[in-house]
Engineer: 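What follows is a single structure, and I will ask about it in a moment.
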Amino acid sequence: MKIKMKDGSIKEADFEEELGKNAFWHTTSHILAQAIKRLYPTTKCAIGPSIAEGFYYDFDFDFRFSEEHFTEIEAQMEKIVKENLQLKHFTTDRKKAIQIMEKREETYKVEMLNDLPENEEISFYQQGEYLEMCSGPHVAYTNVIKAFKLLSVAGAYWRGDEKNKMLTRIYGISFPSKDMLKEYLNRLEEAKKRDHRKLGKELGLFALFEEGPGFPFFLPKGLILKNLLIDYWRKLHIREGYTEISTPIILNRQLWETSGHWEHYKDKMYTTLIDGADFAIKPMSCPGAMLVYKMESHSYREFPMRISELGLIHRNEKSGTLHGLMRVRCCTQDDAHIFITPEQIQDEIKGIVHLIDEVYSNFGFKYHVELSTRPKNSIGNDEDWEMATNGLKNALDSLKLPYIINDGDGAFYGPKIDFHLEDSIGRTWQCGTIQLDFQLPQCFEAEYIGKDGNKHRPIMIHRVVFGSIERFIGILIEHFAGKFPLWLSPIQVKILSISDKYIDYAKKIEMTLKKEGFRCEVDGRSEKIGYKIRTAQLEKTPYMLIIGEKEVKANHVSVRKRDDGDLGNMSIKQLLEILHKENIS
RNA sequence: GCUUCCGUGGCUCAGUCGGUAGAGCGAUUGAUUCGUAAUCAAUAGAUCGUGGGUUCGAGUCCCAUCGGGAGCUCCA
């Protein structure tokens with residue numbers, strides 16, 4: 001495949017290569033824009049890049065645009081592909097470029113041009129009558145785009161700013177062959193089956209009601225899962241030297257004014273009146289932890305002082321951002337506040353990074369790390385911010401952990417290291433985070449006695465491993481497609497009787513397993529064994545025990561595994577061995 | 001919050017041009033007592049998200065509102 005570069009040169013690249021793929025998708029977005037201009041000439045074009053999977057183009061339509069228009073657009077695109085237009089490239093100076101775009105009434109392009117330096121050389125690509133200001137690269141001819149599909153339409157703010165006009169964004173995908181497109185669409189369908197909202201309903205894990213948008217209910221099986229994660233978490237945190245506290249979810253306005261939340265987090269906090277005074281439901285647990293810290297005086301000898309808390313927090317998230325368990329208005333953060341001296345920054349951060357890595361690796365999660373720096377509405381002085389940001393940066397560098405910098409995305413009180421996990425369709429969600437904070441100890445005038453016998457201000461680390469347990473469960477469900485490992489399965493073993501003559505024996509086995517700590521239940525309905533197996537499979541139960549005449553006589557069980565099928569006959573002792581061996585977190 | 005689409009029994013979905021709701025699964029009851037992914041039969045279950053409007057007549061058309069999906073903005 002020939003690729004036309006910005007400097008006019010031609011390179012050879014396959015679709016599988018990054019360069020080829022980007023050019024391919026980018027050109028498809030131009031074909032989309034060309035089709036749109038042919039069909040609706042008054043439409044203004046904004047931008048249309050290739051993205052991680054496919055491409056989009058932002059348009060300003062002068063009519064209501066919906067997916068109903070896709071059919072005729074796709075037909076027009078098909079035509080453009082068949083016309084096999086050549087992509088021609090040229091450059092001009094900025095002044096000329098503005099003239100060209102003004103003549104075509106492309107106001108968004110003109111606005112972009114006006115923001116570029118005056119001496120900038122402007123690159124253009126042209127295919128047939130369609131001209132686009134664009135730095136490419138592009139494929140050389142339109143007819144390599146053998147298969148494409150428009151996927152969805154959505155709103156997107158011009159230049160990503162909600163104060164600007166909302167444009168109409170059309171997403172699409174394209175491939176060099178029809179089969180590849182089919183395969184891609186199949187994969188999307190498969191991924192949808194792993195959606196935690198769908199599985200959460202099917203497996204009876206959690207529920208959301210319109211009576212409480214964004215406030216998830218945990219159902220019996222989901223709560224087992226949540227509690228198991230908490231047990232696992234406690235065990236790790238005891239090992240790592242944390243002590244656990246629990247602080248109230250409602251505290252008075254003065255506290256939130258001291259912490260800065262009342263000013264910086266006001267629109268996200270739910271408030272209430274108690275005896276006529278303002279109170280707020282906590283959106284974070286840190287101020288409560290601060291009160292506990294300040295109850296008594298502390299020495300550097302106690303540091304690092306690691307105080308953990310499973311904090312139930314509430315935040316008024318915008319309705320449009322809610323998403324199953326991933327984005328909710330009420331969740332439990334596996335929080336901890338760690339008080340340290342400046343010398344302890346590096347080691348403590350590294351320890352936490354290791355802990356997070358241990359947990360994520362244990363579940364087989366892939367993750368990426370971001371360093372988020374000072375946001376616009378922050379508190380504190382430049383010096384502290386720089387020290388904190390460098391502290392995090394140095395820790396990451398010395399761990400040789402790859403990360404990207406997320407400029408201006410830190411908390412209002414400090415920079416942070418964020419750990420992002422992927423859901424079933426590749427969207428990433430921030431889970432773990434480590435935040436270095438010089439401000440809150442300042443606001444609360446927290447102190448410790450140093451080696452020199454004088455009072456000093458401690459540094460505070462805020463950190464979560466799961467992030468929110470809700471979101472983490474969402475990721476878990478999608479990662480395992482509902483097939484949890486044995487230790488996390490709400491029901492680990494289902495005992496299926498072949499007829500009700502064997503129910504007593506089945507119940508005896510149930511008691512034996514329960515005494516050994518396994519979660520199991522008997523399916524004693526008067527149904528055929530095939531049907532009971534089907535039910536248990538659909539519930540994604542890891543182990544099924546089939547109980548009939550043979551088993552009762554031999555005092556055995558027939559074992560069936562969720563993914564491996566029939567394991568044959570064995571004694572209860574053998575079964576317990578297998579179960580115990582597998583049942584580890 | 002914004003753009004756009006969607007909202008029919010517990011679940012998944014059908015319902016033509018407006019003519020007064022239908023299937024499968026599930027549930028319940030009865031029969032069946034069965035060997036590794038669906039036994040048979042019967043019964044119950046819906047004022048079609050909610051509130052207005054147009055119309056002789058609205059699940060179907062219009063408006064508002066609530067909830068949901070996709071994305072944007074925001075964020076654990």
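Lettering of chains follows the sequences in order, A, B, ..., and the numbering in each one begins at 1.
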Engineer: Between A:Lys226 and A:Phe218, is NZ or CZ placed under 6.0 angstrom from the six-membered ring centre and within 45° of the ring axis?
Structural biologist: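 Flagged: A:Lys226 positioned over aromatic ring of A:Phe218.
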
Engineer: Which residues, if any, of residues 365-376 of chain A bring a heavy atom under 4.0 Å of RNA chain B?
Structural biologist: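 When residues 365-376 of chain A is checked for heavy atoms under 4.0 Å from RNA chain B, there are no hits whatsoever.
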
Engineer: Heavy atoms only, 4.0 Å cut-off, all strands: where does A:Gly160 land among base, sugar-phosphate and nothing?
Structural biologist: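 If one applies the 4.0 Å heavy-atom cut-off, A:Gly160 turns out to touch the sugar-phosphate alone, with no base involved.
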
Engineer: Is A:Lys532 close enough to B:C34 that one of its side-chain N or O atoms is under 4.0 Å from OP1 or OP2 there?
Structural biologist: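 Indeed not, no polar side-chain atom of A:Lys532 lies that close.
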
Engineer: Taking only the side-chain nitrogens and oxygens of A:Arg560, find out if one of them lies under 4.0 Å from OP1 or OP2 of B:A37.
Structural biologist: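 Yes, within the criterion.
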
Engineer: Please confirm whether any donor atom in the side chain of A:Ser558 sits under 3.5 Å from an acceptor in the base of B:U36, or the reverse.
Structural biologist: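 Flag set: donor-acceptor pair detected.
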
Engineer: OP1, OP2 of B:C11 versus side-chain N and O of A:Lys198: anything below 4.0 Å?
Structural biologist: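 A:Lys198 to B:C11 OP1/OP2: no side-chain N or O under 4.0 Å.
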
Engineer: Ignoring hydrogens and geometry beyond distance, is the side chain of A:Glu551 in donor-acceptor contact with the base of B:G35 at under 3.5 Å?
Structural biologist: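 Donor-acceptor pair under 3.5 Å: yes.
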
Engineer: Would you kindly give the CH2-to-C1' distance between A:Trp429 and B:C75, to the nearest whole Å?
Structural biologist: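 Distance check: A:Trp429 CH2 to B:C75 C1' gives 9 Å.
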
Engineer: Per the atom types in the model, does the base of B:G71 pair as donor or acceptor with the side chain of A:Tyr157 at under 3.5 Å?
Structural biologist: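 By the distance-only test, no, there is no pair.
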
Engineer: Between B:G26 and A:Tyr531, is there an OP1 or OP2 to side-chain N/O distance shorter than 4.0 Å?
Structural biologist: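 Looking at the OP1 and OP2 atoms of B:G26, one of them is under 4.0 Å from a side-chain N or O of A:Tyr531.
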
Engineer: Are A:Ile338 and A:Ile307 close enough that some pair of their side-chain heavy atoms sits under 4.5 Å apart?
Structural biologist: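 Side chain of A:Ile338 against side chain of A:Ile307, heavy atoms only: no contact under 4.5 Å found.
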
Engineer: Quick check on ring pair (Phe, Tyr, Trp, His ring centres under 6.0 Å): which of A:Tyr367, A:Phe365, A:Trp429, A:Trp233 does A:Phe472 satisfy it with?
Structural biologist: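 In the set A:Tyr367, A:Phe365, A:Trp429, A:Trp233, the residue that makes a ring pair (Phe, Tyr, Trp, His ring centres under 6.0 Å) with A:Phe472 is A:Phe365.
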
Engineer: Is there a donor on the side chain of A:Thr168 or the base of B:U3 sitting less than 3.5 Å from an acceptor on the other?
Structural biologist: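 Flag unset: no donor-acceptor pair detected.
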
Engineer: Would you compute the distance between atom OH of A:Tyr543 and atom SG of A:Cys520 and round it to the nearest 0.5 angstrom?
Structural biologist: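 Reported value, rounded in 0.5 Å steps: 14.0 Å.
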
Engineer: Would you say A:Glu478 and A:His196 are linked by a side-chain donor-acceptor pair, where the criterion is simply a distance under 3.5 Å?
Structural biologist: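 Looking only at side-chain atoms, A:Glu478 and A:His196 do form a donor-acceptor pair, the distance falling under 3.5 Å.
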
Engineer: Looking at A:His323, I'd like to know whether one of its side-chain N or O atoms comes within less than 4.0 Å of OP1 or OP2 on B:A70.
Structural biologist: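 True: A:His323 side-chain N/O within range (under 4.0 Å) of B:A70 OP1/OP2.
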
Engineer: With a 3.5 Å cut-off and just heavy-atom distances, do the side chain of A:Arg64 and the base of B:C5 make a donor-acceptor pair?
Structural biologist: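 When only heavy-atom distances are counted, A:Arg64 does not reach the base of B:C5 through any donor-acceptor pair under 3.5 Å.
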
Engineer: Could you check whether atom CG of A:Asn377 has more than 12 heavy atoms from other residues, nucleotides or ligands sitting under 6.0 Å from it?
Structural biologist: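 Counting other residues, nucleotides and ligands, CG of A:Asn377 stays at 12 neighbours or fewer.
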
Engineer: Ignoring backbone atoms, establish whether A:Arg197 has a side-chain N or O less than 4.0 Å from OP1 or OP2 of B:G69.
Structural biologist: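 For B:G69, OP1 or OP2 has a side-chain N or O of A:Arg197 closer than 4.0 Å.
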
